[in-house]
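Proteins get letters first, then strands, A, B, ... in listed order; numbering begins at 1 in each. Scope of the values below: all heavy atoms of this structure, side chains included, with no hydrogens, waters or symmetry mates.
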Amino acid sequence: MKPRDFKYFITQGVSGIMSNWLMSLASLTTVIISLAFLGVFIILGLNLNSISAQIEEQCQINVFVPRDATDSELKTVGAELLKIENVKAVDYYTKEERYRDYKEGRYSDDADAIAAFEYDNPLRDACVITLENPEDAQGVVEAAAKVKGVEEVKSSLDLIDKVVAITSFVKHVTIWIVIALLIGAVMLISNTIKQGLFARRKEINIMKFVGATNWFIRWPFLFEGMIIGFIGALFSATVVLFAYESFYPALMEFTGTLRIVPFRTVYNYILCWFMAIGILMGVAGSYTSIRKYLHV
Amino acid sequence: MIEFKNVTKIYEDGDVLALDDVSFKVEKGEFVFLVGPSGAGKSTITELIIKEELLTSGDIIVNNMSLSSLPDKKIPYLRRNIGMVFQDFRLLPNKTVYENVAFAMQVIGASSRAIRRTVPGVLSMVGLSHKADMKPSQLSGGEQQRVSLARAMVNRPPVIIADEPTGNLDPENAQEIMNLLEDINQKGTTMIVATHAKNFVDTMQKRVLAIEHGKLVRDEERGAYGYEA
C-alpha cells in the first residue's frame, strides 16, 4: 500500500463514518460497552491472580491439637510435623498466648467475651508451620492432617479457595456477557458497513469500470470498521482506567494487607488488549459485509 | 487490438443465447459502429470485452490478453486499457466535474500531481474547463456525457467503448458527442460505439458490425445503419 493510497483509504473511511453517523455511533457504543465489560474481566483476573499469589506467599498453617492435650503431646506433634517435606520450622502457640493475643486484639472491645474466656479458655494449643516453598502448601496441609494427635489443620488456603470460587463465578458470568456483547458489536459494525456499501454502490460500480483493484475498493470499508473499533477501544480504555484509578484507594482499603494490582500494570494490559480487540472487531465486522455484499 | 474468436454467450439464468459463434477483429485505431435491434447482443459484446460477463465458449483477445484465461484479479488491469462511456453517464452526483474525472485516476493509484497535471487538459478537450467546479446536476445531458467521456479517456486507454452514448441526448448534443468521439479516434484511440443513431452511422461512413439475434450478420468497411430508425 502506497502512502497516498493509505491517506485516501483513511479519508474515505472517515467520510464513510460521517455520512452514516447514526449507525456508526451505535456501533461505537456497543464497542465501548463490550470492551468495558472486558476491562472488568481483565481487572478481576489480574487481581485474582495477584491476590492468590500473595495469600500463598504469606501462607500460614496452624495445626491444632485437642483442648485436653498435654504439653508433651503438643511437642510430639511438633516433632512429627517437622519431618514433613517442605516444612522449614514449627513454632508453638499455646492457648494462653492465643488468649492473650485475642484479649489484646480481636476481642479487645468485647468485655463479655473476655470475661467468658477468663472463666474457661475455649482455645486449643497449636503448632504454626513455616514453609520452605509456599507454593506447595496444599501437600503440607494434607500431610499434617494425618499426623497422630492432630485435631484440625487451618490455613489461608481455605481463603484462596473461597476467593477463587467467588471470582471464578463472577469471571464466568462476565466472560459470557463479554462474548455476547463482542458478537453484538461485530454484527452492528457489519451492518454499518453494509449500509455504507449500499449507499456507495454507484461509486463502487464506477470504480470497477475504471479499473480499481478489488483491494482498493475494499480498503476504505475495512478502515471504516477499524476506525470505529479503534476509537471505541480508546474511549472504553479511558473510561475503564479512569474508573480503576478512582476506585483504587477504596479497593486498597478493602483488601487490607493484600496489595491490588497497580494502575500502571492494568493500564498496559487494558490499552494493549483493547486496541488489539477493538481493531480486530472492526476488521471482522467490515470483512463479513465486504465478503457478503461487495461482489468485486 | 480486439478479436472475437467464435464467441458464444449463453446467459445461464433463463438459458438465453445472447451471442452465437461471433467472430470479428478490430484493429488499432479503428472506429467501429455496433448496430442492431434492441436485445440483439450489442451490450453483451461490450460486457464481454471488459469481462463484466464471462464467455460461454470461444475466446476474446484484448491487447494480447486472452480473456478466457485471464484470472479475476487481472480484470482491473484489463479495464484500465478500456474507457467506458454509458448512455446514463454514470457520474457521481456529489462530486464536481473535476472530481468525477480525477476519481478515475485516483482509484488506479495516480499521484495527486499527475491528477492535477492531466485533468484540466482533458476537461479542456471536451470543452468543460469553465464548469470544472459544477456538480453533474447543474449540467445539461450533453455536458454530462462529455464529463463521462473525459473520465473514460483520462487514463489514456488504447480503446474506448461507448454504449449508446447519444441515447439520452438531443440531436445537437448528440452531434457534439459524436464529433468528440471522432476527434479522440483520430488521435489514435480505438473506438467501438454501440448505437441506434441511424443518422450518425449513415453520415460518418465508418465500419459497421450488425448483430441480430446474437449473430454477426454484417461487417462493412464503410457501412450504413441498415435498419429503420
Within the 4.5 Å heavy-atom criterion, are A:Ile277 and A:Leu182 side-chain neighbours or not?
yes

Do the non-hydrogen side-chain atoms of A:Met281 and A:Ser34 ever get within less than 4.5 Å of each other?
yes

Do B:Pro158 and B:Thr190 have side-chain heavy atoms sitting under 4.5 Å apart?
no

Are A:Tyr248 and A:Tyr244 close enough that their ring centers fall under 6.0 Å?
yes

Kindly check if the number of other-residue, nucleotide or ligand heavy atoms within 6.0 Å of CE (B:Met1) is above 12?
yes

Residues of residues 95-110 of chain B contacting chain A, heavy-atom criterion under 4.5 Å, by residue number:
B:Lys95, B:Phe103, B:Ala104, B:Gln106, B:Val107, B:Ile108, B:Gly109, B:Ala110

Looking only at side-chain N and O atoms, does A:Thr192 offer a donor or acceptor that is under 3.5 Å from a partner on A:Gln195?
no

Would you check if B:Arg207 and B:Phe24 make a side-chain contact, meaning some heavy-atom pair closer than 4.5 Å?
yes

If I measure from the heavy atoms of chain A, does B:Pro157 come under 4.5 Å with its side chain, its backbone, both, or neither?
neither

For atom CZ of A:Phe247, decide whether the heavy atoms of other residues, nucleotides or ligands shown that lie under 6.0 angstrom number more than 12.
no

Distance under 6.0 Å and angle within 45° of the ring axis: does A:Arg218 meet both against A:Phe221?
no

Before we go on, tell me: are the rings of A:Phe216 and A:Tyr8 under 6.0 Å apart, centre to centre?
yes

Chain A heavy atoms under 4.5 Å from B:Leu91: which part of the residue, side chain, backbone, both or neither?
backbone

Does anything in residues 39-71 of chain B reach chain A? List residues with heavy atoms under 4.5 Å apart, or say none.
B:Ile50, B:Glu52

